[in-house]
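All chains are named by letter (A, B, ...) in the order of the sequence lines, taking the proteins before the strands, and each is independently numbered beginning at 1.
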2 protein chains.
Amino acid sequence: MELKVFSEKLVNALKSNQTCSFFCLCKINYSGRAEAELDEGERLIVIKSDNTLLVHQDLGSNPVNYMKADTKIDVLFVKGGILIQTHNQKYKDYLDIFVKDVFNFDSRKLEDGKKLVLVGTEKDMSDMIRDNPSIIFDDFRPLSREEHTRYGFIDVFGHDGEGNFVVVECKRYVAGLSAVQQLRRYVEKMVELRGLDIGSVKGVLAAPSITASAEVMLKDWGFDFVSVNPPRRLEKFNKNQKSLGDY
Amino acid sequence: MELKVFSEKLVNALKSNQTCSFFCLCKINYSGRAEAELDEGERLIVIKSDNTLLVHQDLGSNPVNYMKADTKIDVLFVKGGILIQTHNQKYKDYLDIFVKDVFNFDSRKLEDGKKLVLVGTEKDMSDMIRDNPSIIFDDFRPLSREEHTRYGFIDVFGHDGEGNFVVVECKRYVAGLSAVQQLRRYVEKMVELRGLDIGSVKGVLAAPSITASAEVMLKDWGFDFVSVNPPRRLEKFNKNQKSLGDY
DNA sequence: ATATAGATCTCGTCA
DNA sequence: TGACGAGGTCTATAT
């Protein structure tokens, strides 16, 4: 594609806040939170209506370079090509794309008011535990859930039949050392602020599984592990599989 | 675009491992590590040559739905549109895209052998400290850097003039509670495994700044904070700004 | 704005 | 392959 034509299309699309997508030959410089260089090669570039910019190579989930929303984007003619010069005020960073060749250009104002509905998060796990407290142990009595307390952000908080406090930390995947430390921090903070004996506050880590070293640390601190899976995993898919014709 | 034409183009592009980009009207179901639904709306869909699939709405850096590399992708005609049915064996997840309308389709085999060169990471910080140990304190003597030891992954390890061990944890950004806990874990592990007195191992947190609560925790544990900035921040940009004509 | 923690985190690296 | 930690993490939420 003629660079002049590309430039006009890009400028118009940016003006009207369309989302753009194009393949091009380019090299890239980034400066801000770090410094990065990417030598000449072919990439897919996406610019969204909120002025998010993504540069994708042909492998991997993540963009090789990007700028976050509200980036100022200028298009300049320079010797040998076009310079897309960008700057984000909030993050104080800069990305320059020197475009040598463009292979296509598409843009569109995307009409989309829908939001993703997601189930199976850590929050859903803590909901499930609140509604089914015996998952943790028989006489567990939850008092609150997902609360920013002065002890920290505790997933599920409650007490046992003997009046001891119980702090539950949920993880939706295998719990590691940092999860144990997180639990430890909440328990310690609670002991400290309430002037309790260490040992009078129970700590429970609820996750699908736990690493060996994390389990050692957990035991050292007198905490317990309970194997819990995030709710609804695969349920919906199984339903859909049975009714593909419903699409 | 005719859905039949789109289907042919997509299937051909997938066969020849091209990277694809198209705007479409669709609804989406995900099932696997979680469950997700996204009702009908217009999105940009990208499929890479490694069979990574990304669904982007017109806002934000992250895809609203995605599948990781090595996803199996099938294209089926169904009542009212086309179903892009995908499955990733490794992650045991499924993504179905029901496409009602397509507005464009582009694909290309991207020629790109270049890799991003990045400077200013935490690793660069620990390099800088090893080369300028007085940043930490006057008589700091680094022994190793970025080491996977049985004590954990310690950024910089060394000793002071009196033979005490010193563990340094680096953070590129504001250090929070978790950074203090990480340091605490390394120090405790070292004390335990070497049979040392607590207090004979110094802990230092090196970061641009530290949050108030993290600093309290740090002092409680007898550790020190040293303000260190990651190297080379903005240097390259300043250079570039002076020599834009060089492009 | 800053602080805190989750994420279908992703990605690299090492045992 | 699992474990562990960084990330230009990004994002949501609360203060």
Side-chain angles (χ1 to χ4, degrees), chain A residues 30-36 52 54 59-69 88 90-95 116 118-126 146-150 152-155 169-179 182 185-186 209-214 230 233-234 237, chain B residues 30-36 52-53 55 59-69 88 90-95 116 118-126 146-150 152-155 169-179 182 185-186 209-214 230 233-234:
Chain A
Y30 170 79
S31 181
R33 284 166 284 177
E35 309 282 329
T52 297
L54 308 171
L59 300 174
S61 300
N62 285 348
V64 65
N65 276 118
Y66 60 90
M67 293 289 276
K68 297 182 74 172
N88 189 298
K90 181 175 179 189
Y91 294 96
K92 297 186 179 63
D93 57 359
Y94 300 82
L95 185 78
L116 189 74
L118 185 67
V119 176
T121 61
E122 194 178 290
K123 193 177 177 203
D124 295 318
M125 269 183 86
S126 65
E146 286 270 325
E147 265 196 282
H148 287 272
T149 68
R150 59 193 168 129
F153 186 83
I154 295 178
D155 288 336
E169 173 60 32
C170 303
K171 290 292 163 202
R172 61 186 307 288
Y173 38 83
V174 56
L177 295 169
S178 64
Q182 204 179 331
R185 171 149 47 91
Y186 298 150
S209 64
I210 186 169
T211 66
S213 52
R233 189 169 146 75
L234 290 180
F237 166 71
Chain B
Y30 171 79
S31 181
R33 284 164 287 173
E35 308 282 329
T52 296
L53 186 151
V55 181
L59 300 175
S61 300
N62 285 348
V64 64
N65 277 117
Y66 60 92
M67 294 290 275
K68 298 182 73 171
N88 189 298
K90 181 175 180 187
Y91 294 96
K92 296 185 179 66
D93 57 358
Y94 302 82
L95 184 79
L116 189 73
L118 185 67
V119 176
T121 60
E122 194 178 286
K123 190 167 188 270
D124 295 316
M125 265 183 89
S126 65
E146 286 271 324
E147 261 197 299
H148 290 271
T149 68
R150 57 189 155 154
F153 182 85
I154 295 177
D155 288 337
E169 173 60 31
C170 301
K171 289 294 163 201
R172 305 182 62 247
Y173 301 122
V174 183
L177 295 168
S178 65
Q182 207 180 325
R185 185 164 79 231
Y186 296 151
S209 64
I210 186 169
T211 66
S213 52
R233 186 170 149 76
L234 293 179

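Residue A/Q182 places none of its side-chain N or O atoms closer than 4.0 Å to OP1 or OP2 of C/dT4. Proximity of A/K123 to the phosphate of C/dA5: no side-chain N or O atom is located under 4.0 Å from OP1 or OP2. Residue A/S213 places no side-chain N or O under 4.0 Å from the OP1 or OP2 atom of D/dA3. For the OP1/OP2 pair of D/dG5 and a distance below 4.0 Å, the side-chain nitrogens and oxygens of B/Y186 include at least one atom meeting the criterion.
Rounded to an integer number of Å, the gap from CD of A/E147 to P of C/dG6 is 16 Å. What separates NZ of A/K171 from P of D/dG5 is a distance of 14 Å, to the nearest Å. Rounded to an integer number of Å, the gap from CG of A/L177 to P of D/dA6 is 12 Å. Going from atom CZ of A/R150 over to atom C1' of D/dT15 covers 16 Å, rounded to whole Å. As rounded to whole Å, 11 Å separates atom C1' of D/dT11 from atom NZ of A/K90. If you measure from atom CZ of A/F153 to atom C1' of D/dT13, you get 8 Å, rounded to the nearest angstrom. The nearest whole Å value for the distance from the CD atom in A/E169 to the P atom in C/dA7 is 10 Å.
Judged by the 6.0 Å and 45° rule, B/R33 forms a cation-pi pair with B/Y91.
Of the possible donor and acceptor atoms, none in the side chain of A/R172 sits under 3.5 Å from a partner among the backbone N and O of A/M125. Between the side chain of A/Y186 and the main chain of A/F153, a donor-acceptor pair closer than 3.5 Å is present.
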Evaluate side chain to side chain contact (heavy atoms under 4.5 Å, CB included) for A/K90 paired with A/K68, printing each intermediate quantity in order. CA-CA 9 Å; A/K90 181 175 179 189; A/K68 297 182 74 172; over 6 Å; no
Would A/T52 and A/M67 satisfy side chain to side chain contact (heavy atoms under 4.5 Å, CB included), going step by step from the backbone distance to the final call? CA-CA 6 Å; A/T52 297; A/M67 293 289 276; over 6 Å; no
Are A/Y30 and A/D93 close enough, and set up right, to give a side chain to side chain contact (heavy atoms under 4.5 Å, CB included), and what steps lead you there? CA-CA 8 Å; A/Y30 170 79; A/D93 57 359; 2.9 Å; yes
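Atom name P, nucleotides C/dG6 and D/dA6: the rounded distance is 16 Å, in whole Å. C/dT4 sits 22 Å from D/dG8 when the P atoms are compared, rounded to a whole Å.
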Summary of protein contacts for nucleotides 8-15 of chain C, nucleotide by nucleotide, where a base hit scores B, a sugar-phosphate-only hit scores S (4.0 Å, heavy atoms): BBSS--S-
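Within the model, atoms CG of A/L118 and CG of A/D124 stand 7.5 Å from one another, a figure rounded to the nearest 0.5 Å.
For the pair A/A175 and B/E122, nearest-nucleotide mapping onto DNA chain D gives the more 5' position to A/A175.
Counting non-hydrogen atoms under 4.0 angstrom, A/S178 reaches nothing in the nucleic acid. Using a 4.0 Å heavy-atom distance criterion, A/R185 is classed as a sugar-phosphate-only contact.
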